[in-house]
Engineer: 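I'd like to ask you about the structure that follows.
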Amino acid sequence: MDRITLSGLRARGNHGVFDHERENGQTFVVDVALGVDCGPAAAADDLALTVDYGRVSEQVVALVEGPPVDLIETLAQQIADACLEHEGVHEVEVTVHKPEAPIQVPFDDVAVTISRSGR
């Protein structure tokens with residue numbers, strides 16, 4: 001399985017369980033790795049035979065900016081579902097980073113990573 005990877009997609013969202021997260025929002029960072037077969041597209045040099053990662057990135061950002069959810073686990077699942085709807089995507093790994101998570105100790109990042117497969 002080949003992979004198309006999008007790293008560091010940034011968007012502002014209002015996800016979280018606390019009122020201040022819903023009201024003020026925060027930056028989320030998303031990494032997506034799509035499991036695809038790049039062979040046909042490479043052989044024909046044809047975008048129509050692969051996944052349009054520009055479109056995928058726009059969908060990811062729209063989900064982050066969209067209706068809020070309590071958990072980044074839920075957001076990661078929504079992103080995975082959207083990715084698997086693309087023809088040719090057989091599996092996906094999604095990491096949602098929440099670098100401004102409301103934690104009372106020093107930290108670099110909080111992230112959830114999920115792997116899903118379809119078709």
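Quantities reported herein were computed from a predicted structural model and do not represent experimental measurements. All values below come from the heavy atoms of this structure, side chains included, with hydrogens, waters and symmetry mates left out.
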Engineer: What residues form a side-chain hydrogen bond (donor to acceptor under 3.5 Å, both in side chains) with Q78, not counting sequence neighbours?
Structural biologist: none
Engineer: Within the 4.5 Å heavy-atom criterion, are K98 and H15 side-chain neighbours or not?
Structural biologist: no
Engineer: Applying a strict under-4.5 Å side-chain criterion to I, L, V, M, F, W and Y, I'd like to know whether V61 and V89 cluster together.
Structural biologist: no
Engineer: Give, for atom CG of D2 and atom NE2 of H90, the distance between the pair rounded to the nearest 0.5 Å.
Structural biologist: 9.5 Å
Engineer: Does any non-hydrogen side-chain atom of E21 lie less than 4.5 Å from one of E100?
Structural biologist: no
Engineer: Are V96 and Y53 connected in the hydrophobic side-chain network, where two residues link if heavy atoms are under 4.5 Å apart?
Structural biologist: yes
Engineer: Given side chain to side chain contact (heavy atoms under 4.5 Å, CB included), test V64 with L9 step by step and report yes or no.
Structural biologist: CA-CA 10 Å; V64 174; L9 299 172; over 6 Å; no
Engineer: Hey, is CZ on R12 packed in by over 12 heavy atoms from elsewhere, all under 6.0 Å?
Structural biologist: yes
Engineer: Do the side chains of Q59 and E85 get nearer than 4.5 Å, heavy atoms only?
Structural biologist: no
Engineer: Please determine whether residues L49 and V56 belong to a single hydrophobic cluster, defined as Ile, Leu, Val, Met, Phe, Trp and Tyr linked transitively by side-chain heavy-atom distances below 4.5 Å.
Structural biologist: no
Engineer: What is the minimum heavy-atom distance between T95 and A111, and which atoms define it?
Structural biologist: CG2-CB, 3.9 Å
Engineer: If every non-hydrogen atom of L6 is compared with every non-hydrogen atom of S57, which pair is closest and at what distance?
Structural biologist: CD1-N, 4.2 Å
Engineer: Side-chain atoms of residues 28-48: list all donor-acceptor pairs with protein atoms under 3.5 Å, sequence neighbours left out, distances to 0.1 Å.
Structural biologist:
residue	atom	partner	partner atom	Å
D31	OD1	G8	N	2.8
D31	OD2	H97	NE2	2.7
D37	OD1	G39	N	3.0
D46	OD1	A48	N	2.9

Engineer: Are I79 and V112 connected in the hydrophobic side-chain network, where two residues link if heavy atoms are under 4.5 Å apart?
Structural biologist: yes
Engineer: Between G118 and L84, what is the shortest heavy-atom contact and its length?
Structural biologist: N-CD2, 3.9 Å
Engineer: Can you list every pair that meets salt bridge (Lys or Arg N to Asp or Glu O under 4.0 Å) and has a residue in residues 66-75, with sequence neighbours left out?
Structural biologist: R22-D70
Engineer: Let me confirm one number: the CD1-OG1 distance from I114 to T74, rounded to the nearest 0.5 Å.
Structural biologist: 9.5 Å
